[in-house]
*Asks:* 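Below: one structure in structure tokens.
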Amino acid sequence: MALGVAPKWVNVGDVQTRYFEAGSGEPLLLLPGGTIGAEGASIAETWDLNFLVLAKRYRVFILDKLGQGHTANPLRDEDYCKTAKLNHIADFLRALGLPAVHVAGQSRGGFMAIMLTLRFPELVSSCTVVNSSSMAPGVSLTHLVTGGTCPYPLFSREAQRWVFAHTDFSDETVPEDFVEEGYKVLQLPKYQESHRKMWKEGLASRYYYPDEARLREEAHYRLNLQGTGRPTQIIWGDSDSTATLHRGITLYNMIAARQRHAYLNVFTNAGHHPYRDHPVYFNEMMLGFLDLVSSQPSRG
Amino acid sequence: MTMSLQTFLAEEAFDGIPTRILRMGKESRTVVLIGPGIFNDAGFCWNLHAWERNFFALAENFSIIAFDTLGQGGTSFGPGSDAFTYDRALAHAKAVLEKVASNDLHIVAHDQGALIALHLAMSFTDRVRSCTVVSAPSVIAAPGEDVANFVTGLLPAPIYSFASQEWVLDRLSVAADHIRDGEFLNDATRPRVHDTPSEDAVHTQLRPSLRRFRAEVYKCMQNKGLNIPILVLWGRDDPVKSLDYGSALFDLIKTTHRETQFCVLNRCGYFPYREQAKAFNNRVMGFIRSV
């Protein structure tokens, strides 16, 4: 139990969905990055240095997104896409009957945080985006850095460690228990099925990437037009080899031009997971931001 | 707020110079606030009331020290042929810190005050635990002509009048509500006790020492750094000190500092601690707590 509490399960549209919950107060939803069937399994435990600290003052949830972690795969091939994953998050929040949540996501979780805010504003009270290469304007280097270059066998512990260490600033942020939790996910039959569907049967190119491109285009159009509509914080590790800092600043400027309550925090010597590289800084900035926006008379 | 603030103000001599100083709180962890202008060189009589929207919020967690640097507000100039140098301003600031009991100092400094702050951190390596550098283009070389020159070159006459100084604050700000609020502007326009440096002193003392101080900071940042966490904090919409300056300063500092943060506040000009006081206090307190 790396997160210190037992996982919970809820049926979301016939998809068995795993999540973690701790604390009380205004709800805060943490979204891991990654996608279905990737070489490295993005897991809820990525927030293990933050979860219980934030839960001292907020009711914190971590969700295994559709097809990721221990949450079941999409029921239909055409749902191997971001739109289905986004709807799954929205349905999860409705299933739990939560009031509007503070949502914070990293990488593709940050992508989801922005899309959730834009498409389901009634579900969101503030938005935090951490090193989201898929959402930031400009060219993502993710595929150059990690795509197809892993020197270790697929679904191995070494591969799981390599994927995260390769994008983090320090190997220290990828401890053995973290690797082991990811390895367990890689061994799940459903995970290996999703990998086969995405990369061998071509669902990635047929559904996932075209859908991601459409959503990103929609997001940029709407961000330029109206901002997020909710207080927004961008947190960026400046040593991220996949999501370079200037793209994070460009994303911030895009939002801040329309969004009064927009904050940028950059950490040095931090890679793709700054909340793991500098958990104390991250937790303070996160709690400070939540304090700030929770007391805003207007959430705009 | 203004009335109660008076109870925390005192006049004391540091380095032999009568100095206005504000002290709050008894916490060991102490925040030292240093204002932007040294020697009132930009058409405004800087004074410690600049931080009036921050004192009480920061004092909930920390002890507070703020003082008028040489020639600012209620502090005199020193005597001698080097009266208008940054060396004298630093010696004065050192004298203040030497009388502060705490060994857990966190300096928060604005623009030229940050040059003093970073030199203090170089001197008191065992006592200064962090630095927050706020809108400090003076610390780095200006790319091309310093835009601020276009502001000060347009000062309405008579300079240092209420209207002229209000104009300066207006040119530097995005949010206007802070300009006449509190004592900052009033204090700047009270009958002048201290002269500004002569044109000759500006060219022979102030400017050369400013350039040397800046070079020394560069040298330190590029070679070994300060071994303390540094927060660079900037207003995104600073009308004359654009965010590019902040990015450049962050890039300079991060080369030698493992723990550096860059924080940007939106809808905010040259005075983040006044224009976005609540957010400023929140970010700075979070940074210092995490050090």
Side-chain angles (χ1 to χ4, degrees), chain A residues 49-50 53-54 57 169-170 172 227-228 231-239 244-246 248-270 274-275 277-298 300, chain B residues 57-58 60-61 106 130 132-133 174-175 221 225-238 242-268 272 275-291:
Chain A
L49 305 175
N50 321 100
V53 177
L54 300 175
R57 288 165 53 193
F169 180 77
S170 164
E172 295 168 12
T228 56
T232 299
Q233 174 174 234
I234 305 292
I235 292 179
W236 218 267
D238 87 324
S239 305
T244 50
L245 176 58
H246 79 277
I249 293 176
T250 304
L251 176 63
Y252 169 73
N253 280 325
M254 181 186 281
I255 294 168
R258 295 283 181 271
Q259 192 70 41
R260 173 175 295 279
H261 300 294
Y263 305 90
L264 171 67
N265 285 287
V266 181
F267 301 161
T268 53
N269 291 4
Y275 54 96
D277 284 309
H278 296 295
V280 177
Y281 283 161
F282 179 87
N283 294 338
E284 277 292 343
M285 289 299 120
M286 195 69 218
L287 289 170
F289 170 73
L290 295 176
D291 287 347
L292 208 52
V293 301
S294 296
S295 58
Q296 297 289 354
S298 163
Chain B
L58 296 176
E60 290 176 8
N61 290 280
H106 301 265
S130 78
T132 296
V133 176
V174 169
M221 295 299 163
L226 286 169
N227 202 30
I228 55 171
I230 295 179
L231 169 64
V232 177
L233 193 150
W234 224 268
R236 176 176 175 268
D237 310 295
D238 191 323
S242 75
L243 191 55
D244 294 340
Y245 287 77
S247 296
L249 180 58
F250 175 66
D251 286 343
L252 171 68
I253 293 174
K254 76 182 185 183
T255 57
T256 49
H257 290 75
R258 172 161 165 71
E259 296 180 68
T260 312
Q261 289 189 37
F262 184 34
C263 175
V264 181
L265 301 184
N266 196 22
R267 311 266 173 113
C268 186
E275 297 176 61
Q276 295 278 356
K278 191 173 178 181
F280 177 90
N281 296 334
N282 177 292
R283 303 281 90 174
V284 169
M285 284 193 288
F287 169 70
I288 295 175
R289 273 198 300 261
S290 64
V291 169

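Letters A, B, ... mirror the listed sequences (proteins, then strands); counts begin at 1.
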*Asks:* Tell me whether the rings of Tyr263(A) and His261(A) are parallel (<30°), tilted (30 to 60°) or perpendicular (>60°).
*Replies:*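 Tyr263(A) and His261(A): parallel rings.
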*Asks:* Please find the pair of heavy atoms, one from Glu275(B) and one from Ala175(B), that lie closest to each other, and give the distance.
*Replies:*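 The pair with the smallest heavy-atom distance is OE1-N, 3.0 Å.
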*Asks:* Checking His257(B) side chain against Ile253(B) main chain: does a donor-acceptor pair fall under 3.5 Å?
*Replies:*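 Checked: pair present.
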*Asks:* So which of Phe289(A), Tyr252(A), Trp236(A) has the biggest tally of heavy-atom pairs under 4.5 Å with chain B?
*Replies:*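 Max contact count across the listed options: Tyr252(A).
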*Asks:* Against chain A, label Phe250(B) side chain, backbone, both or neither, depending on which of its atoms sit under 4.5 Å from a heavy atom there.
*Replies:*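 Side chain only.
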*Asks:* Any chance the side chains of Thr228(A) and Gln259(A) put a donor and an acceptor closer than 3.5 Å?
*Replies:*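 A pair is found: one side chain offers a donor N or O, the other an acceptor, under 3.5 Å apart.
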*Asks:* Go through Arg267(B), Gln276(B), Lys254(B) and name the one with the most non-hydrogen pairs under 4.5 angstrom from chain A.
*Replies:*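 Among the listed options, the one with the most contacts to chain A is Arg267(B).
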*Asks:* Under 4.5 Å from any heavy atom of chain A, what part of Arg236(B) do you find: side chain, backbone, both or neither?
*Replies:*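 Just the side chain, heavy atoms under 4.5 Å.
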*Asks:* Name the region of Leu245(A), side chain, backbone, both or neither, that has any atom closer than 4.5 Å to a heavy atom of chain B.
*Replies:*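 The side chain, not the backbone.
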*Asks:* What part of Ala270(A) gets closer than 4.5 Å to chain B, counting heavy atoms only: side chain, backbone, both or neither?
*Replies:*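 Interface part for Ala270(A): neither.
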*Asks:* Only one of Asn253(A), Ile249(A), Ile255(A) passes side-chain contact (heavy atoms from CB on, under 4.5 Å) with Leu251(A); say which it is.
*Replies:*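 By the side-chain contact (heavy atoms from CB on, under 4.5 Å) criterion, Leu251(A) pairs with just one of Asn253(A), Ile249(A), Ile255(A): Ile255(A).
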